[in-house]
Amino acid sequence: MESVGERLLSLIMSSMMELIDAVWYLKRDIVSSGFDAALERLAQEVPMTIHAYPSGTQCWTWKVPEQWDCQAAYLETLDGKKIIDAADHPLHVVSYSLPYDGVVSRDELLPHIYTHPRRPTAIPFVFKYYDRTWGMCCTQAVKESLTEPAYRVVIRTTFTPGKLKVGEVVIPGQSEESFMLVAHLCHPAMVNDDLSGVVVGLDVARELLAQAAAGHQLYYTYRLLILPETIGSVAYLSHHEDLIPKMAGGLFLEMVGNNSAHALQGSYQTQSQVDRCFNACIKALDPDGYAGDFRTIIDNDERQFNAPGVRVPMLSLSRVEPYGSPTRPYPEYHSSDDSPAIIDEDRLSATRDLVLRMLEAWEQNQYVVNHFKGEIFCAAYGIWIDYRVNPEGHRLLFRVMDACDGEHTVADIAAELKASYFVVWEIVSLLESKGLVSYSRTPHSTSPRRSQ
Ligand SMILES: [Zn+2]
């Protein structure tokens with residue numbers, strides 16, 4: 001059997017931008033041949049299992065849709081002059097548009113023509129997955145040029161029994177408890193939403209695999225899922241119910257390539273260990289970053305993981321602009337302007353490094369068990385945090401020591417003290433190096449039991 005290292009050697013190692021360039025323009029509608037082609041290209045980069053769910057498969061209250069492909073879509077004048085043509089850009093046709101072939105009056109046509117509400121010069125991304133109709137998309141100027149009494153519409157699309165695909169990369173840890181990383185690969189010819197999250201997730205997975213190959217034993221098992229949004233998560237979860245109780249937490253990655261600070265959205269379970277841990281990390285890792293509660297920054301597949309009957313605490317990391325910004329979530333959102341031009345490798349790398357640092361904190365996060373009683377006689381142990389180098393650490397030293405009782409994790413202590421995870425970790429590590437505390441994956445109270 002091949003070792004992880006041997007398997008890694010047989011893989012292609014493209015940069016995140018090279019991967020984006022290779023797949024971004026594919027017609028990656030939720031169940032489509034373009035989506036499958038993109039997933040197959042990514043599977044050349046990392047050992048990946050591809051799960052397939054046939055059209056019509058029941059997934060809890062949802063059903064896998066049919067495969068949709070577009071062979072041609074155009075709008076022309078009655079004398080044959082093409083006005084809109086999906087051959088020029090995949091977004092010119094509504095995703096999951098019904099086929100149509102016929103002459104329509106201008107009044108009949110206009111409700112089927114979509115423009116972008118904020119970007120008149122861009123083609124909008126419009127999808128009608130469950131609302132069966134036909135439609136085309138164009139710039140505001142093209143729509144305004146439609147002054148003739150009638151036009152000919154040709155939309156050749158097919159709805160066929162296909163398979164919804166979910167790519168899964170597993171990095172085994174010591175424990176079967178899993179941490180889920182999720183990003184969506186659907187959305188034709190767009191990049192930030194959410195190919196950016198896919199390539200960052202893939203690069204994080206590659207780094208974790210490289211660490212494992214180098215002999216660094218991870219505690220948690222990591223699972224990266226690359227899927228079509230919403231239905232992809234529901235399909236995977238409903239077919240892996242046995243894994244759900246072992247999912248300790250997760251992070252949804254989306255819109256991480258645009259030029260804004262990081263935004264961390266909490267899970268439904270605001271006091272979960274992963275919420276506490278990541279919340280205590282974000283400001284230290286991106287001083288301009290911000291955090292918000294569940295469903296207050298951007299909604300996506302983390303909803304399926306947080307939902308009733310599942311209840312995996314899944315946070316979301318993006319670079320979404322805060323409420324109040326007129327260009328929220330980002331200026332080029334759901335338009336033909338969401339192209340590789342608005343992304344760069346440095347920002348993707350910064351997000352990848354931030355995620356890796358948060359996962360490192362997550363791996364470290366354990367209950368801190370005291371081997372001392374009473375307040376520590378610090379001078380005897382030479383415990384000293386220089387206030388000139390680390391003023392926050394100096395001030396926090398005694399507050400942290402108070403909480404080392406086997407009932408608090410590092411993240412609990414950081415949350416309680418509203419302190420940076422890394423500062424608390426530094427203090428706890430100092431205590432551990434002196435033999436004053438040790439770590440436990442489960443609570444281990446050292447308080448005496450007394451009757452009320
Ligand atoms: Zn989207």
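Both ligands and their constituent atoms are indexed starting at 1 by order of listing. For clarity, every value in this text was computed on a predicted model and none was experimentally measured.
- Side-chain contact between R223 and L243 is present, with heavy atoms from C-beta onward closer than 4.5 Å.
- Relative ring orientation between H334 and H187 is described as perpendicular, the plane-to-plane angle rising above 60° on a 0-90° scale split at 30° and 60°.
- The count of protein N, O or S atoms under 2.8 Å from the Zn ion (ligand 1) stands at 3, with waters excluded from the count.
- In R303, the CZ atom is crowded: over 12 heavy atoms of neighbouring residues, nucleotides or ligands sit closer than 6.0 Å.
- Just one residue in the list Y130, W134, Y129, F125 forms a ring pair (Phe, Tyr, Trp, His ring centres under 6.0 Å) with Y96, and that residue is Y129.
- In this structure, R328 does not pair ionically with E321, as no charged nitrogen and carboxylate oxygen lie closer than 4.0 Å.
- With 3.5 Å as the limit, one finds a donor-acceptor pair spanning the side chains of T409 and Q273.
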